[in-house]
S.K.: 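Okay, here's the structure, questions in a sec.
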2 protein chains.
Amino acid sequence: MTNTAPTRKRRKDDRPGEIITAAFREFDEKGFGRSTMAGIAERAGISRTTIYLYYDTKEAIFEAAIRGSVEVTIDIVAGMAKDANGDFRTVFARAIDLIYARLVSDEGGVILKTLVAEGSAMPDLILFYRQEILSKGEAAIRALIERGIINGELSVACRGDDVRVFVAPAIFAALWLRIFHKIDPLDINAFKEAHVRLVTDGLLARP
Amino acid sequence: MTNTAPTRKRRKDDRPGEIITAAFREFDEKGFGRSTMAGIAERAGISRTTIYLYYDTKEAIFEAAIRGSVEVTIDIVAGMAKDANGDFRTVFARAIDLIYARLVSDEGGVILKTLVAEGSAMPDLILFYRQEILSKGEAAIRALIERGIINGELSVACRGDDVRVFVAPAIFAALWLRIFHKIDPLDINAFKEAHVRLVTDGLLARP
DNA sequence: AAAGTTACTGACATAGATGTCAGCAACTAA
DNA sequence: TTAGTTGCTGACATCTATGTCAGTAACTTT
């Protein structure tokens, strides 16, 4: 048997997803700026010019990826709202779990990193991400806190605080993983627990 | 008087600094990846080829900038150690002030953003930044906390916590300013106060 | 099985950034 | 003033990534 490997395949429906997956690996390793269509094509195992049949530019691939993460966000926010009846510590810990799972994942992390890197050059995407992803998550956290205040669990003082402070360590952790983790590992679970403990209790000893 | 503007100037000693300043603006606006030697030169008001007399590559310019911020870090750490005798809240607030001032500045912020963007492509710089900048700051914060624990001000539980959690909101704020601030401003002072309040007190109401 | 459709590819042309180098202009010293 | 030094520049060659397009191979239909 000669066993000549098929030189080409035709897979119109699968291509977009394959290209995005390949692009993520390329963006992650090289950074968006140094990534090329040729590099993405190679990882996807197709010819460079094939990509143009589906996406016009690198930016278009990235945009498609971001738009795809809108539904993921909706799921996460829904997950936060579900079973939000426990005490604040429990509910918040669950919310933080969901956020970390997303941001620590390759997809969420690379999107975040790429937005930081190239955001100034793509104002439309920045706006989209802000409106469809970040503000949804922010509102969900705000709701949790408001519930806690009404419960009497949380001090009223924190109503005026910028909600972003409470989630910031998660973003920090996601970026750390992509940049310093190889030379200086970060224990995600320990960090996550410290995060939750900080937000609920703070550092000062309670009398 | 004819007042013909001088076509060229010769300023060997000032050039490196001028180039770095111009490069920062270029990196900030275009992102490191889209920045070019031509763009930097234009901002510096010199010919593109002149840059090569001082720096071989874009990366070399960025590296010089990072190395320059080592002494800034030393100053900051020294500033934290100075007058570290007040109660924890006061001392920590002063430390956070110094960190924000640095990270919110154009120089500190652009370095941070660029490292996030291009770090995977420059492992040496990542290592350098980690060792000479981040770990210095981390150690300083850790010292503050240890003092608080010994004082009895802080609960012993937080000794095991990852120190990076306590500073993470500052990094978040620095990046937010560079990315989302135009479409969704962040009130730095309010954010900073919320940060300090969170780290000291947490959210849960104190009995 | 033959004709028709189309996903895919290699080859070409273009644009933009890089790096080099000989020559010029600005400064210095005598 | 003049000769010497050197910081600076424009022009050239190279290299890399992009985008297009006609042709080919794989699949579909009849």
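Just so you know, these numbers use all the heavy atoms, side chains as well, and skip hydrogens, waters and symmetry mates. In what follows, chains carry the letters A, B, and so on, assigned in the order in which the sequence lines appear, proteins first and then strands, with residues in each chain numbered from 1.
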S.K.: What does the B/S/- profile of nucleotides 13-19 of chain C look like, 5' to 3', with a 4.0 Å heavy-atom cutoff to protein?
M.R.: ----SBB
S.K.: OP1 or OP2 of D:dC8 less than 4.0 angstrom from a side-chain nitrogen or oxygen of B:Tyr54, does that happen here?
M.R.: yes
S.K.: For B:Asp56, does the CG atom sit with more than 12 other heavy atoms under 6.0 Å from it, leaving out its own atoms?
M.R.: no
S.K.: Within this structure, what is the CD1-to-P distance between B:Ile19 and D:dG7, rounded to whole angstrom?
M.R.: 13 Å
S.K.: OH of A:Tyr129 to CD1 of A:Ile126: how many Å apart, nearest 0.5 Å?
M.R.: 9.0 Å
S.K.: Are B:Phe172 and A:Phe172 near enough that their ring centres are under 6.0 Å apart?
M.R.: no
S.K.: Atom CZ of B:Arg15 and atom P of D:dT6: how far apart are they, to the nearest Å?
M.R.: 17 Å
S.K.: Atom CG of B:Leu53 and atom P of D:dT5: how far apart are they, to the nearest Å?
M.R.: 19 Å
S.K.: For A:Tyr55, give me all partners under side-chain hydrogen bond (donor to acceptor under 3.5 Å, both in side chains), at least two apart in sequence or on another chain.
M.R.: none
S.K.: Decide, yes or no, whether a salt bridge links A:Asp106 with A:Arg25 under the criterion of side-chain N to carboxylate O below 4.0 Å.
M.R.: no
S.K.: If you measure from the Lys or Arg side-chain nitrogens to the Asp or Glu carboxylate oxygens, is any gap between B:Glu138 and B:Arg130 under 4.0 Å?
M.R.: yes
S.K.: Please work out which residues in residues 39-47 of chain B have a non-hydrogen atom less than 4.0 Å from an atom of DNA chain D and list them by number.
M.R.: B:Ile46, B:Ser47
S.K.: Salt-bridge test for B:Glu153 and B:Arg147: reply yes if a basic N is under 4.0 Å from a carboxylate O, no otherwise.
M.R.: no
S.K.: Does the gap between the ring centers of B:His195 and B:Tyr100 come in under 6.0 Å?
M.R.: yes
